[in-house]
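Residues: numbered from 1 along the sequence shown. Values in this document were obtained by computation on a predicted structure and should not be read as measured data. In listed order, ligands and their atoms are each counted from 1.
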Amino acid sequence: MKKIAVFASGNGSNLQAIIDAIDNGLIRDACICLVVSDKKEAFALERARRANLPTRVFVPKDYPTREAYDRALVACLQAKGVDLVVLAGFMRLVTPYFVRAYPNRIMNIHPSLLPAFPGTRGVAAALAYGVKVTGVTVHFVDEGMDTGPIILQEATAVHDDDTEESLAARLHTIEHRLYPKAIDLWVRGKIRIVGRRCFLDE
Ligand code: GRF
């Protein structure tokens with residue numbers, strides 16, 4: 001049984017999709033052993049409590065540096081025996097210390113087709129640029145911002161009447177399918193990483 005920690009700062013709809021995927025057997029042989037947030041008021045924490053999952057809040061201002069923050073996180077994850085860290089709308093850049101503690105064992109989901117439009121405003125940036133196709137990327141986290149090996153991507157057309165809200169909603173629907181799929185592949189040992197390329201033995 002693989003132990004997953006999910007990190008979320010906000011609404012937590014991706015956390016919910018992962019909870020549901022475990023409940024309905026889409027992800028097997030894995031459990032969420034911890035939900036972590038940097039924000040006490042994150043609705044993701046409420047979702048975790050409703051699902052009877054343990055939660056921890058790490059408030060950034062309680063730590064002198066970003067690395068001190070990440071050292072506390074890693075100590076907690078190691079104490080819990082976490083195998084995989086899933087960032088699901090966690091609005092902090094993790095430090096190299098964290099990445100080195102969990103090499104290719106931290107996943108992130110991003111609402112664009114990376115390497116296009118990294119950063120926190122991926123949906124707005126894609127719309128402003130005027131691309132006709134955008135999408136969702138699930139990738140491993142390395143020491144850069146949104147730069148690690150890509151596990152899965154799915155594209156969607158940008159419609160002429162799309163707003164940031166309508167496009168974000170469509171991307172979320174894709175995310176809720178793609179993230180559980182990527183996690184399931186990892187749990188079943190189906191992701192081979194060679195250099196920066198991921199090969200999926202489906
Ligand atoms: C998602 O769009 C994800 O791609 C990005 O943050 C958002 C989180 O949404 N990294 P939610 O909190 O899971 O609803």
Side-chain angles (χ1 to χ4, degrees), residues 4-23 26-27 32 34-51 53 55-58 60 73 84-95 98-99 102 105-129 131 133-158 162-186:
I4 299 172
V6 180
F7 283 42
S9 301
N11 176 30
S13 69
N14 280 284
L15 166 66
Q16 190 66 55
I18 297 162
I19 292 171
D20 295 345
I22 291 174
D23 278 354
L26 276 175
I27 300 173
I32 299 174
L34 185 64
V35 174
V36 172
S37 186
D38 57 334
K39 297 212 163 53
K40 288 191 185 82
E41 67 283 5
F43 187 62
L45 292 169
E46 179 58 27
R47 295 182 190 269
R49 287 189 283 266
R50 287 179 193 174
L53 300 174
T55 61
R56 281 286 304 269
V57 178
F58 290 85
L73 285 181
L84 178 69
V85 176
V86 171
L87 306 182
F90 187 61
M91 301 309 282
R92 282 176 68 83
L93 202 57
V94 300
T95 61
F98 193 168
V99 175
Y102 284 87
R105 289 198 293 149
I106 310 171
M107 276 187 197
N108 184 43
I109 191 158
H110 184 78
S112 77
L113 294 176
L114 291 172
F117 313 118
T120 54
R121 311 259 313 140
V123 181
L127 261 186
Y129 195 94
V131 292
V133 175
T134 186
V136 171
T137 303
V138 181
H139 65 96
F140 288 113
V141 172
D142 66 9
E143 294 182 17
M145 184 170 61
D146 300 326
T147 52
I150 290 172
I151 303 165
L152 292 173
Q153 290 188 303
E154 187 173 319
T156 187
V158 178
D162 261 331
T163 61
E164 192 178 335
E165 290 68 34
S166 66
L167 182 55
R170 206 153 64 250
L171 292 169
H172 262 107
T173 307
I174 297 172
E175 290 183 358
H176 299 160
R177 188 162 26 80
L178 218 58
Y179 221 177
K181 183 174 176 191
I183 293 166
D184 175 61
L185 286 167
W186 186 88

At less than 4.0 angstrom from any non-hydrogen atom of Ser13, what atoms of ligand 1 do you find? 11 (P), 12 (O), 13 (O), 14 (O)
With under 30° as parallel and over 60° as perpendicular, where do the rings of His176 and His172 fit, or are they tilted in between? tilted
Check for me whether Ala8 has a heavy atom closer than 4.0 Å to any atom of ligand 1. no
How far is atom 6 (O) of ligand 1 from its nearest protein heavy atom, and which residue and atom name does that atom have? Gly89 CA, 3.4 Å
Side-chain (Thr134) to main-chain (Ala126) donor-acceptor, under 3.5 angstrom: no
Measure the acute angle between the ring planes of Phe7 and Phe90, then classify it against the limits of 30° and 60° as parallel, tilted or perpendicular. perpendicular
Could you tell me the residue and atom name of the protein heavy atom closest to atom 4 (O) of ligand 1, and the distance to it rounded to 0.1 Å? Glu175 OE2, 2.5 Å
When you measure from atom 12 (O) of ligand 1 to every protein heavy atom, which one gives the shortest distance, and what is it? Gly12 N, 2.8 Å
Could you tell me whether the side chain of His110 and the main chain of Phe117 form a donor-acceptor pair under 3.5 Å? yes
Could you list the atoms of ligand 1 found under 4.0 angstrom from a heavy atom of Asn11? 12 (O), 14 (O)
Closer than 3.5 angstrom, by distance alone: can the side chain of Glu164 be matched with the main-chain N or O of Val123 as a donor-acceptor pair? no
Which residue owns the protein heavy atom closest to atom 9 (O) of ligand 1, what's the atom, and how far is it? His172 NE2, 3.2 Å
Is Leu152 close to Leu185 at the side-chain level, that is, under 4.5 Å between some pair of heavy atoms? yes
Of the listed options Ile109, Leu15, Val6, Leu87, closest to atom 10 (N) of ligand 1 (non-hydrogen atoms): Ile109
